[in-house]
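The structure appears right after this line, and notes come after that.
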Amino acid sequence: MTAKPVPPRASQPLGVGALLLWLGGAAAAFLVLFWLITLILRQMPDPIGPRADLFVDGARMTLQLTVVSGLIGLIVGTIAGIQKTSALWIVRAPASVFIWLVRGTPLLVQILFVYNALPPLLQAVGIRVELNEFWSAVIALSLNVGAYNAEVIRAGILAVPRGQTEAARSLGLSGAQTMTTVVLPQALRIVVPPLVNNLVALLKDSSLASSIALLELTLAGQRVSSESFLPIPVLTTVAGVYLALTTVMTFFTDQLERRLKIASR
């Protein structure tokens, strides 16, 4: 008597309505946060109060860098993580080299390389492209966080019981269908906490974009400090704004993690 294959656990994704509500809540919270930051900083004495708008503009750029780079980095990490689990070495090799290069070199060097060296290299092979400070930072940050996300997602894929894959294939699903409908939904729920940590780290790492004169929060603080010669209140303010940004971001990512856990039950 042959045993019937065990069907893979049904995927219960987070509802679109709940996801939109979460995104709307996060966007509203950051709008309120920027309003509060502006209100508070304008009440502070010199050198903070008269330059409050500069800090707020820098904080907005920091958040924009984090969101754009985080989304691209998630896509890059997912693709590279799937490649790392392939049985074919020709598929694994490019992802392995990419992860090795990115994780083995400093992020500051990567940002400077993309900004200063990548356009001339592309022009040498006939591709004319001009990268401003923002997109240079986005490319470098996306590739950097993508490499770390790839290892996280690879571990999540390997953590899904092999029986899930075997059952899906025995029911007639192709390899791509098995990965997208059975393995990845379960793996992504497993890896949400480390992915959240990578996102919070990305927000803080975005401060290195100041090295290419992108006016984010750190560079705004550096300019005020150099003008006023008062580094203590300026750096304290910068640190406080970073703390406020990471606190709100962590709150909403924790909420997303709880919702995903409920949806997977």
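Numbers here simply count residues along the sequence, with the first being 1. Remember, predicted model here, so these are calculated numbers, not experimental data. Computation of the quantities below employed the complete heavy-atom set of this structure, encompassing side-chain atoms and omitting hydrogens, waters and symmetry-equivalent molecules.
Taking the side chain to side chain contact (heavy atoms under 4.5 Å, CB included) definition, one finds that S211 meets it with L108, I111, L112, sequence neighbours left out. For R223, the side chain to side chain donor-acceptor pair (under 3.5 Å) test picks out no residue, with sequence neighbours left out. With sequence neighbours excluded, no residue forms a side chain to side chain donor-acceptor pair (under 3.5 Å) with R103.
Here L208 contributes atom CG and L214 contributes atom CG; the two are 11.5 Å apart, rounded to the nearest 0.5 Å. To the nearest 0.5 Å, the span separating CG on N198 from CG on L203 amounts to 13.0 Å. Taken from CG in L171 to CD in Q177, the straight-line distance is 11.5 Å, to the nearest 0.5 Å. Atoms OG1 and CG, from T253 and N197 in turn, are 8.5 Å apart once rounded to the nearest 0.5 Å. The CG atom of L173 sits 5.0 Å away from atom OG1 of T181, with the distance rounded to the nearest 0.5 Å. Remark: L202 CG to Y148 OH distance equals 12.0 Å, nearest 0.5 Å.
I37 and L31 fall into different hydrophobic clusters, where Ile, Leu, Val, Met, Phe, Trp and Tyr residues are linked whenever their side-chain heavy atoms come under 4.5 Å apart, directly or through other members. There is a path of hydrophobic side-chain contacts, each under 4.5 Å, that joins L63 to L65. Transitive grouping of hydrophobic side chains (ILVMFWY, heavy atoms separated by less than 4.5 Å) keeps I72 and I82 in distinct clusters. L195 is not connected to L107 by any chain of hydrophobic side-chain contacts under 4.5 Å among Ile, Leu, Val, Met, Phe, Trp and Tyr, and they are in different clusters. Linking Ile, Leu, Val, Met, Phe, Trp and Tyr residues whenever their side-chain heavy atoms come within less than 4.5 Å places F98 and L122 in a single cluster.
Scanning both residues, M61 and F134, for their nearest heavy atoms gives SD-CD1, 3.6 Å. Closest approach of V160 and A187 over heavy atoms only: CG2-N, 3.8 Å. Across all their heavy atoms, A26 and F252 have their closest contact at N-CE2, 3.5 Å. Taking both residues in full, the closest heavy atoms of A59 and V241 are given as CB-CG1, 3.8 Å, listed atom of the first, atom of the second, then distance. The two residues P47 and V224 make their nearest non-hydrogen contact at O-CG1, 3.8 Å. What you find for T218 and S207 is that their closest heavy atoms are OG1-CB, 3.0 Å.
Judged as a side chain to side chain donor-acceptor pair (under 3.5 Å), not a single pair has a partner in residues 76-90 (not counting sequence neighbours). Within the structure, side chain to side chain donor-acceptor pair (under 3.5 Å) pairs that include any residue of residues 133-146 comprise Q110-N144, Y115-E133 (at least two apart or interchain). Within the structure, the side chain to side chain donor-acceptor pair (under 3.5 Å) test picks out the following pairs touching residues 227-241 (sequence neighbours left out): R51-E227.
More than 12 heavy atoms of other shown residues, nucleotides or ligands fall within 6.0 angstrom of atom CG in L39. For I232, the CD1 atom counts as loosely surrounded, since its 6.0 Å shell holds 12 or fewer non-hydrogen atoms of other residues, nucleotides or ligands.
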Next item on the list: Evaluate side-chain contact (heavy atoms from CB on, under 4.5 Å) for R42 paired with D53, printing each intermediate quantity in order.
Entry: CA-CA 8 Å; R42 284 178 177 174; D53 291 343; 2.8 Å; yes
Next item on the list: Take M44 and L41, measure what side-chain contact (heavy atoms from CB on, under 4.5 Å) needs, and give me the verdict at the end.
Entry: CA-CA 5 Å; M44 295 179 67; L41 293 185; 3.6 Å; yes
Margin query: Between L71 and V67, does the side-chain contact (heavy atoms from CB on, under 4.5 Å) criterion hold? Intermediate values first, please.
Written below: CA-CA 6 Å; L71 289 174; V67 172; 4.2 Å; yes
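For E151 (side chain) and A147 (main-chain N/O), no donor-acceptor pair under 3.5 Å exists by modelled atom type. Side-chain atoms of S225 never come within 3.5 Å of backbone atoms of Q222 as a donor-acceptor pair (strictly under, hydrogens ignored). Between the T246 side chain and the L243 main chain, a donor and an acceptor come within less than 3.5 Å of each other.
Considering only heavy atoms from C-beta on, L245 comes within 4.5 Å of F34 through its side chain. Using a 4.5 Å cut-off on side-chain heavy atoms (C-beta onward), V183 and T178 make contact. Looking at heavy atoms from C-beta onward, E216 lies in side-chain contact with S210 at the 4.5 angstrom threshold.
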